[in-house]
Structures are given as C-alpha cells and as structure tokens.
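Written below as structure tokens is the structure these notes are about.
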Protein chains: 2
Amino acid sequence: MFDKLFQKLEEKIQLSEKDKKRIASFFEIKKLRKKELLLQEADYCKNLAFVATGVLKSYSVDDKGQKHISLLAWEGWWVSDFKSFICEEKAILSIDAIEDSEVLLLSRSNYEKLLIEVPAMERYFRILYQNSLITKDRRLISSNTYTAEEKYLQLIKMYPFISQRIPQNLIASYLGITTETISRIKKNLHKDN
Amino acid sequence: MFDKLFQKLEEKIQLSEKDKKRIASFFEIKKLRKKELLLQEADYCKNLAFVATGVLKSYSVDDKGQKHISLLAWEGWWVSDFKSFICEEKAILSIDAIEDSEVLLLSRSNYEKLLIEVPAMERYFRILYQNSLITKDRRLISSNTYTAEEKYLQLIKMYPFISQRIPQNLIASYLGITTETISRIKKNLHKDN
DNA sequence: CGTCTCGTTGAGAGTTTTCAATGTAAGTGG
DNA sequence: CCACTTACATTGAAAACTCTCAACGAGACG
C-alpha cells in the first residue's frame, strides 16, 4: 500500500527507512468503491488524500446542478479540497471514486506534525505545490485561450489513454465543455482524415 | 525597499534580524518603467520577482497575436514564468510593468541557496505555493463554470478598486473575455438599476 | 429482459467574438 | 498652449462557437 507513496516521495526527496516508518504512521488507509464519496460538499475536508490505486475526481456543482470537475487524480496524485483542508472552512468540492480505489489519508494535524517531524516533507510539499502551480497555470491559460477543440486535442496529446479510463462526459466536464461538443469534435476529426 | 518583502514574509514565518540580512543579500533590486519588460517570451526566466511597488502583468501571446494575461502582480506578490524558472526551459510568458515599479529579483541559484540556508524560507514558499494553489483552483473553477458577466462581477467583488488601476482591456484579457464584452456587461448593469 | 450509463445526432437558442466605426481622454512635442 | 498622436472605451451588426433540449442507439449489468 505504501509503495506507491514512497516511490513518489523519493522522486523528489531522500528518505531513510526510519523516516519511512515515521511517515507511514501518520497515514490512514481507506478503500473506496466506485462512486463512493471521499468528501461531500459543505462538509469539512479533514484529509489530504494520496491515491495509491484507482482514480478519483474532485468537482463542484453550480446553481443549475451542473458538475464541474476540477481534478482527475490518478495513482500517485494527491487530492483534497485544499482550501477547506487548510483554512478549515466548509468544502465547495466533492470528491468521489471513478474506479474502485485505495487512498492514504493524512489529517490536518498529522500534516502539520509530519512537516515538522520530517523536514524533508516540508521540502517535498514545497516542490509538489510548485509543480502543481505550473500545471494549474498552464490549464488556466489553456482554458482562457483555446477553443473546445484545441483544449480537447491538447488533453488527448498530454494523456493519450485518458479516454480508455475516463468516460467522455467526465472529460468534457474537466475541460469545461459538454459531452455533445466532444462528440462533434471527434466527428469532425474523422471527416478531415 | 525590503520592508514590503519582510512584511509579507513575516505574515507567514518568524525571522531574526540576522535572517533578514542574509535574505536581503540574495536579492537584486530592479526598477522598471511603465511598459518595460522584465521577461521576454522565449528567453529563459532567470528570476523569481517580488513586487515591492507597482503592478506587473504576466501574459502569453497566442497564434492570432492575442495577449492572455495569466497574472496581475501587485505590491507584495511574486511573479515569474514558473515553469521556465524551475525547469530551465524557454519561457512562454512575457512579463512587463503596468505602472512604474520596483522589484526584488531572486535568481535560481540564490533561490536554492536561500531555501537551504534559511529553512524558514522553505516553509514560507511551501505556504505561499499552497495558498497560490488554492487561488488558482478557484480561478480555474470560475473560468470553467461561469459566464463572462458572472466572472466580471466576481472579480469586481474581490478587487473593488481594480478598475482604478488596471485598464479595462487588461481586465478583460485576465478574465479570458473581450473588452467589448465588459463594456456591454457594464451597460446592462446600469439598465438594471 | 429491463434498467442504467454513456455516447451520438439534429435543430434551435444563447452567448461571446469579430470587425469596423466612433468617441473620448491623456500625453507629447513643437 | 495647441495640434497631433496614442491609448482606451463604446456601440452596432453579423458571424462563430458552444450549449440546450430532445430523441435515439449501443453496451453493461443485474
């Protein structure tokens, strides 16, 4: 269960066996069935979740009841309603499992303790957030700059196998467009060949 | 010149006078005239910039020559092409001054040194990035969820005085819409009163 | 077999952009 | 101080893009 976590941590920082044991002790293991909720909107987000296996999605729901996916979290990714987790406010995101999944949960107090007791983790999270910022920046530029078709093509290029694992309607929601629009984009692409 | 920097740092971490002197030694001061470039697209982004006074904007230019502002950086904000800075790639963003400004530059090698020599700065940047992530997340959700009018109103609510300092066409670019659209939104708002 | 989920298609509606023209305020050099 | 230029905002009309709604189809699953 912790293999994936340590693998990801060790991409960015060095850890002794002792560190690893200490780190593991801060996490709680949770299994999720497909569609099961990890976080319900308006609850407090008590954990940072590391996805060991499976895929989760985090999303918000607007006034008209439409879902907007903010993150697709695969194995090796972290997911939470960050603002709720950090600021101890009510969550505006919900999080659930797209497939049966296993996650490692890190509570707020354990997060703080971990950062202090294992200084390398302070560094790990700084680097993780630094990289996430880069990704988010590009997504934001992309979202404001490109048409639906361009955004879709960029996504496919970045994650060629995404449609084998994520239904089209969720991909659409992630891109901020409708599933019908994707359907038409695919049709046009075929025409052009 | 460094007052603003220390003020911002001390919102998040504690610093001794000795730390402050050490920190200051890593920075280089630069003054920018209105419209002067801090970073040119396709150059390498060699610095993290802290805005001491003034406002800068970072933006990308698409195939059609249109500018898309990714960040408006006021006093107390940091700005850079993060990906270029961290990964040492060519920048896709340009950065210039909207007003006469003063910035403090932190080079890549000084950044690394600073994080190691002053551990509190590791913590500072972790918290800074953590908060930036929260903001970016909300912007991304907003960008994918709301209409031009809703996005504009949200921005005005968040930064009531923004239009006193930032021309409308730049605000439009920041929101990923056109200045004409903002003009029409304002017209409609007056009608409703 | 029936139900549920997911994707496709068409037609019409809505939003935002594009392009072009005009207005207005501010800044510069003579 | 005026004339000229430049930057920025407004308005209209047409075009482009994407959505909405509704119907239909295909596959998975119990």
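Below, read A as the first sequence line, B as the second, and so on, with proteins coming before strands; counting in each chain starts at 1. Both backbone and side-chain heavy atoms feed into the values below; hydrogens, waters and symmetry mates do not.
Rounded to an integer number of Å, the gap from B:Glu99 CD to C:dG27 P is 13 Å. Distance OH (A:Tyr152) to C1' (C:dG7): 12 Å, rounded to an integer number of Å. Atom-to-atom, CD1 of A:Ile177 to P of D:dC17 comes out at 14 Å; the value is rounded to the nearest Å. The nearest whole Å value for the distance from the CD atom in B:Gln66 to the C1' atom in D:dA16 is 14 Å. A:Gln164 has its CD atom 17 Å from the P atom of C:dC6, to the nearest Å. Summarising the geometry, the separation between CD1 on A:Ile185 and C1' on C:dT9 is reported as 15 Å, rounded to the nearest angstrom. Per the geometry, CG belonging to A:Asp100 stands 15 Å off C1' belonging to D:dC29, to the nearest Å. In this structure, CD1 of A:Ile98 is placed 15 Å from P of C:dT5, rounded to the nearest angstrom.
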Going through the distances and angles, do A:Trp78 and A:Phe125 end up as a ring-ring contact (aromatic ring centres under 6.0 Å, His included)?
CA-CA 11 Å; A:Trp78 294 85; A:Phe125 279 109; 5.4 Å; yes

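Among the heavy atoms of the strands, none lies under 4.0 Å from B:Glu150.
There is a side-chain donor-acceptor pair under 3.5 Å between A:Tyr59 and A:Asp96. Residues B:Asn144 and A:Ser143 have side chains that bring a donor and an acceptor to within less than 3.5 angstrom of each other. Using modelled atom types and a 3.5 Å distance limit, the side chains of A:Gln168 and A:Thr179 yield a donor-acceptor pair.
Between B:Thr178 and the phosphate of C:dT17, there is a side-chain N or O to OP1/OP2 separation shorter than 4.0 Å.
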For nucleotides 8-11 of chain D, list the nitrogen or oxygen atoms of the protein found under 3.5 Å from its nitrogen or oxygen atoms, one pair per line.
unit_1 : atom_1 : unit_2   : atom_2 : d
D:dA9  : OP1    : B:Gln168 : N      : 2.6
D:dA9  : OP2    : B:Gln168 : N      : 3.2
D:dA9  : OP2    : B:Asn169 : N      : 3.0
D:dT10 : OP1    : B:Lys186 : NZ     : 3.4
D:dT10 : OP2    : B:Gln168 : OE1    : 3.1
D:dT10 : OP2    : B:Gln168 : NE2    : 3.1
D:dT10 : OP2    : B:Ser183 : OG     : 2.8
D:dT10 : OP2    : B:Lys186 : NZ     : 3.4
D:dT10 : O5'    : B:Ser183 : OG     : 2.9

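With B:Ser101 contributing its side chain and B:Leu32 its backbone, the two residues share no donor-acceptor pair below 3.5 Å.
Taking a cutoff of 4.0 Å between a charged side-chain nitrogen and a carboxylate oxygen, B:Glu75 and B:Arg165 qualify as a salt bridge. Comment: A:Glu117 engages A:Arg22 in a salt bridge, judged by a side-chain N to carboxylate O separation of less than 4.0 angstrom.
Residues A:Arg138 and A:Thr135 have side chains not in contact (no heavy-atom distance under 4.5 Å, counting atoms from C-beta outward). In this structure the side chain of B:Phe26 reaches within 4.5 angstrom of the side chain of B:Leu106, judged on heavy atoms.
Rounded to 10°, the angle separating the first-five-pair axis and the last-five-pair axis of the helix from C:dC1-D:dG30 to C:dG30-D:dC1 equals 40°.
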